[in-house]
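I have placed the structure first, in the form of structure tokens, so that the comments after it can refer back to it.
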Amino acid sequence: MSGEGDHPIETPDDGIESSYKPPPEKTIEEILEADKEDESLRKYKETLLGEAKEKKIIVDESDERKVIVKRLALVVADRPDVELDLTGDLSELKKQVFIIKEGVSYRIRIDFIVQREIVHGLKYVQKTSRLGLPVDKLTHMVGSYPPKLDLQSYTTPQEDAPAGMMSRGTYTVHSLFTDDDKNTHLKWEWCFEIKKDWKD
């Protein structure tokens with residue numbers, strides 16, 4: 001999770017193993033052309049790429065980005081999802097504070113669109129702080145995605161919120177959606193509050 005203003009996410013690969021070298025970026029045409037003599041591999045890649053192999057998938061002509069991050073949702077079993085709209089004024093997000101019951105298990109889901117070209121090695125980086133001090137940092141490897149007209153989603157593994165009186169309070173999160181090529185697709189700040197109960 002993520003820190004206050006004095007602990008920003010500075011680089012997309014901050015804290016990620018620096019010896020890792022991402023594969024060179026390739027277009028859909030290059031991916032299909034490679035290993036084309038291998039029939040099973042060719043069919044697999046065509047299935048994976050779906051309609052993107054037939055034509056360039058562009059969901060929003062006015063948006064030049066390959067990845068458009070639409071929303072973040074807090075997912076808790078037996079409760080409605082709580083969502084942040086990431087398509088508007090990102091500076092307003094800190095005014096919407098998620099309430100999390102202490103000790104509860106939750107996941108974070110990110111909904112996004114991939115258009116124009118395949119995107120390699122998406123990562124979700126999250127830094128969390130409380131009272132200006134960093135308390136947690138997570139990096140989730142999201143994966144590689146082909147362009148698609150449909151919304152695509154990634155849900156983080158389950159996590160448990162801290163419990164106990166000392167853990168209650170407001171936390172600030174800096175989130176970053178990046179990839180192997182160090183493109184910053186979206187960077188945003190949001191807050192959650194841990195309480196004794198949902199309506200406490």
Side-chain angles (χ1 to χ4, degrees), residues 1-16 57-76 79-100 106-145 147-157 159 161-162 169-195 198:
M1 296 196 169
S2 158
E4 288 290 348
D6 55 342
H7 299 284
I9 294 176
E10 295 180 358
T11 60
D13 60 347
D14 182 26
I16 298 172
I57 302 295
I58 300 177
V59 178
D60 186 346
E61 192 73 55
S62 66
D63 198 322
E64 292 296 323
R65 295 176 296 173
K66 288 198 296 185
V67 179
I68 304 170
V69 188
K70 304 292 278 185
R71 62 181 159 262
L72 176 145
L74 183 72
V75 181
V76 177
R79 292 188 64 84
D81 294 350
V82 182
E83 298 182 346
L84 279 181
D85 181 0
L86 301 176
T87 61
D89 184 352
L90 298 178
S91 66
E92 294 290 307
L93 294 180
K94 285 184 71 175
K95 297 177 183 177
Q96 303 177 49
V97 180
F98 285 166
I99 303 299
I100 301 178
Y106 68 94
R107 299 173 189 264
I108 290 173
R109 189 189 76 243
I110 301 170
D111 299 331
F112 56 94
I113 286 170
V114 177
Q115 62 175 7
R116 302 180 188 279
E117 293 291 347
I118 193 168
V119 62
H120 301 279
L122 279 173
K123 300 179 187 75
Y124 173 60
V125 183
Q126 177 176 287
K127 288 184 177 181
T128 305
S129 69
R130 185 182 181 195
L131 301 175
L133 298 174
V135 295
D136 191 24
K137 178 183 175 183
L138 297 170
T139 299
H140 295 288
M141 305 306 292
V142 177
S144 298
Y145 289 79
K148 220 176 185 184
L149 290 173
D150 302 326
L151 198 66
Q152 306 192 63
S153 295
Y154 170 76
T155 303
T156 65
E159 299 176 49
T170 301
Y171 295 75
T172 300
V173 184
H174 283 85
S175 290
L176 174 69
F177 215 47
T178 182
D179 63 28
D180 274 348
D181 300 306
K182 300 184 181 179
N183 298 309
T184 297
H185 300 295
L186 195 68
K187 191 175 180 179
W188 70 99
E189 187 176 340
W190 54 288
C191 295
F192 67 87
E193 184 175 358
I194 293 179
K195 293 191 172 187
W198 293 108

Subject >> Within-4.5 Å side-chain heavy-atom neighbours: Phe98 and Ile108 >> reply: no
Original post:
Rounded to the nearest 0.5 Å, how far apart are CD1 of Ile58 and CD of Gln115?
Top reply: 6.5 Å
**OP:** Indicate the ring-plane relationship of His140 and Tyr154, choosing parallel, tilted or perpendicular according to the 30° and 60° boundaries.
**Re:** tilted
**OP:** For side-chain contact (heavy atoms from CB on, under 4.5 Å), just list the numbers for Glu189 and Leu90, CA-CA rounded to whole Å, side-chain angles, deciding distance to a tenth of an Å, and then say yes or no.
**Re:** CA-CA 7 Å; Glu189 187 176 340; Leu90 298 178; over 6 Å; no
Subject >> Taking every non-hydrogen atom, the tightest pair across Asp111 and Ser153 >> reply: OD1-OG, 2.5 Å
Original post:
Tell me, do Ile113 and Leu151 make a side-chain contact under 4.5 Å, heavy atoms counted?
Top reply: yes
Original post:
Quick check: does any side chain N or O of Thr184 sit under 3.5 Å from a backbone N or O of Thr178, one acting as donor and the other as acceptor?
Top reply: no
**OP:** Heavy atoms only: give me the nearest Tyr106-Ala161 pair and the separation to one decimal.
**Re:** CE2-N, 3.7 Å
Subject >> Distance in Å, Asp63 CG paired with Arg116 CZ, rounded so as to fall on 0.5 Å steps >> reply: 7.5 Å
**OP:** Heavy atoms only: give me the nearest Leu72-Leu86 pair and the separation to one decimal.
**Re:** N-CD1, 3.7 Å
Original post:
Should the pair Asp150-Lys148 be classified as a salt bridge under the 4.0 Å nitrogen-to-oxygen rule?
Top reply: no
**OP:** Report the C-alpha separation of Lys123 and Leu176 in whole Å, then their side-chain angles, then the decisive distance to 0.1 Å, and conclude whether the side-chain contact (heavy atoms from CB on, under 4.5 Å) test is met.
**Re:** CA-CA 8 Å; Lys123 300 179 187 75; Leu176 174 69; over 6 Å; no
Original post:
So does Lys66 pair up with Glu117, basic N to acidic O under 4.0 Å?
Top reply: no
Original post:
What's the shortest heavy-atom distance between Gly88 and Asp85, and which atoms?
Top reply: N-OD1, 4.2 Å
**OP:** Could you grab the distance from atom CH2 of Trp198 to atom CD1 of Ile100, nearest 0.5 Å is fine?
**Re:** 6.5 Å
Subject >> Audit row: Arg109, Arg71, side-chain contact (heavy atoms from CB on, under 4.5 Å) steps and yes/no >> reply: CA-CA 8 Å; Arg109 189 189 76 243; Arg71 62 181 159 262; 4.1 Å; yes
Original post:
What pair of heavy atoms forms the shortest contact from Gly121 to Ser144, and how long is it?
Top reply: N-OG, 3.0 Å
**OP:** Report yes if the distance between the aromatic ring centroids of Tyr145 and Phe112 is under 6.0 Å, otherwise no.
**Re:** yes
Original post:
Does any non-hydrogen side-chain atom of Thr156 lie less than 4.5 Å from one of Gln126?
Top reply: no
Subject >> Minimal non-hydrogen separation, Arg130 against Gly169, with atom names >> reply: NH2-CA, 3.8 Å
Original post:
Does any non-hydrogen side-chain atom of Leu122 lie less than 4.5 Å from one of Val67?
Top reply: yes
**OP:** Please confirm whether the backbone N or O of Asn183 pairs with a side-chain atom of Asp181, one donor and one acceptor, at under 3.5 Å?
**Re:** no
**OP:** Look up atom CD1 in Ile118 and atom CD1 in Ile57, then write down how far apart they are to the nearest 0.5 Å.
**Re:** 12.5 Å
Original post:
Can you tell me how far CG of Asp180 sits from NE2 of His120, rounded to the nearest 0.5 angstrom?
Top reply: 8.5 Å
Subject >> Asp60 side-chain N/O to Ser62 backbone N/O, donor-acceptor pair under 3.5 Å >> reply: yes
